[in-house]
Amino acid sequence: MKKRTPPTKEFTVYVVPAWKWREFIAFELIGGFAFYLVCKKTANSELFGIAANIAGPQMLRYMTSLYR
């Protein structure tokens, strides 16, 4: 009689290069926060600052991708 083997549990490993993390931190965190502060102070509007926080990093990423 054969002994039953437990089912194998497979998992996927994703490797994220370090330059992707640096790009995320630079554009999303630092760039987004900078756009938020600048637009909030100049327009005196919280909603405009939030919109700049969303749109600013996307604009930065688009502009830098043109030079690659």
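Side chains are part of it too, since the values below use all heavy atoms of this structure and drop only hydrogens, waters and symmetry mates.
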query = Below 4.5 Å, heavy atoms only, C-beta onward: do Y36 and K41 meet side chain to side chain?
reply = no
Residues which pass side-chain contact (heavy atoms from CB on, under 4.5 Å) with L37, listed by chain and number, not counting sequence neighbours = F33
Distance-only donor-acceptor hits, side chain of residues 10-17, under 3.5 Å, sequence neighbours excluded:
none

ask   = Can you tell me how far CD of E23 sits from CZ of R61, rounded to the nearest 0.5 angstrom?
value = 6.5 Å
query = Out of curiosity, F27 CZ to Y62 OH, how far, rounded to the nearest 0.5 Å?
reply = 14.0 Å
Let me check something: any side-chain donor-acceptor pairs from residues 47-60 under 3.5 Å, sequence neighbours excluded? List them with distances.
none

